[in-house]
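Whatever order the structure lists them in is the order used to number ligands and atoms, beginning at 1.
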Amino acid sequence: MITGKYPSLRLRRTRKFNWSRRLVQENNLSSADLIYPIFLIEGKNRKLPIKSMPGVYRFTIDKLGMLISKVIKYKIPMVALFPSTPLNKKDKFGNEALNENNLICKATRFIKKRFKNEIGIMCDVALDPYTTHGHDGLLKNNYVLNDETIDILIKQSLLQAQMGCDVIAPSDMMDGRIGRIRKILDKNKYSDVQILSYAVKYASNFYGPFRDAVGSKKSLKGDKRNYQMDFSNSNESLREVALDIKEGADMVMVKPGLPYLDIIQKIKNNFRIPVLAYQVSGEYSLIKNGIKNKLISQNSVIESIMSFKRAGASAIVTYFALEIAKKLKF
Ligand code: PBG
């Protein structure tokens, strides 16, 4: 592979000028690579800050018109919706997930009615924003039940598709849910609705600020290690992805992002399918606070996102999406 040697070969030659660096640049970033997560709250005309995520807000649905217009103007292809469900609507079973007037359903209808297919909508499939115990599925003796949870998740998926969701994104890590979701969507004539499987989701310590944002942090009992992946494992991620592709996943997500670049690359090289990366809340807040405290420069945001492209990601879910798109001049 490597030809030539010093001093006739000097790799610094191509780095001397900006035009030359641009000429040999191997990866680039555009707003088409970004997915913007939006947190929703009930009520009217409110924009609530999230303490643990500086610069990120929770919006009421009537505020979405302006926000989504901006996202479209910045040429970001898709938004990911997350609800901050009021406590009095949570229960042991996550029933609110199946309410056609829950925050996600209302927001999806609103966006689709107003913006048609100008933007993609991605919805999380999991019960954690709706359960009092904060777990992604039904809990029995402190264990999250698999098949019983799937029975609910397929209903949640179908409901989201009926509301106009374009990309169903199961983030619950139950075994076998992709196949069953694909089946119920197809049976109900939603064969064009895509499935983005969070095939590789680690039981991570970087989700803290998100759980704060959706209000599941205080209520979460124990941890999620009996369904999310062990962060010591790598080969297991290939098995997860292989299964989900067989079951009908169109794209797969690796989550969190930065500590798992090796996994992104491995999956891309093995399967050659669209691999998405999620730069999660903890990663966001660390970088954001680093910039705020002048420990690192603003450019570290682009550097972190470019690393996902280098690893082989097709797109990145990031709370920085709007500010990056603005900086890139869309
Ligand atoms: C849960 C879910 C989580 C995130 C997205 N969906 C957290 C969890 O598994 O507890 C985390 C996202 C982030 O930290 O930014 N279904």
Show the atom names and distances, to 0.1 Å, of all donor-acceptor pairs under 3.5 Å that link a side chain in residues 140-147 to residues at least two apart or in another chain.
from, atom 1, to, atom 2, distance (Å)
N146, OD1, D175, N, 2.8
N146, ND2, D175, O, 2.9

Look at the rings of Y284 and Y319 and say which category their plane angle falls in: under 30° parallel, 30 to 60° tilted, over 60° perpendicular. perpendicular
Location of contacts on [X] toward ligand 1, heavy atoms closer than 4.0 Å:
X	value
L220	neither
D136	side chain
Y284	neither

Other ILVMFWY residues reachable from L159 by side-chain steps of under 4.5 Å: M163
Identity and distance of the protein heavy atom lying nearest atom 15 (O) of ligand 1: Y319 OH, 2.5 Å
Considering both backbone and side-chain atoms of Q279, is one of its nitrogen or oxygen atoms within less than 3.5 Å of a nitrogen or oxygen in ligand 1? no
Ligand 1 atoms in contact with [X] (distance to a heavy atom under 4.0 Å):
X	result
K255	2 (C), 3 (C), 4 (C), 5 (C), 6 (N), 11 (C), 12 (C)
R211	8 (C), 9 (O), 10 (O)
D128	1 (C), 2 (C), 16 (N)

Do K201 and Y198 form a cation-pi contact, if we require the NZ or CZ to be under 6.0 Å from the six-membered ring centre and within 45 degrees of the ring's axis? yes
Take Y260 and F231, measure what ring-ring contact (aromatic ring centres under 6.0 Å, His included) needs, and give me the verdict at the end. CA-CA 9 Å; Y260 297 89; F231 56 67; 7.8 Å; no
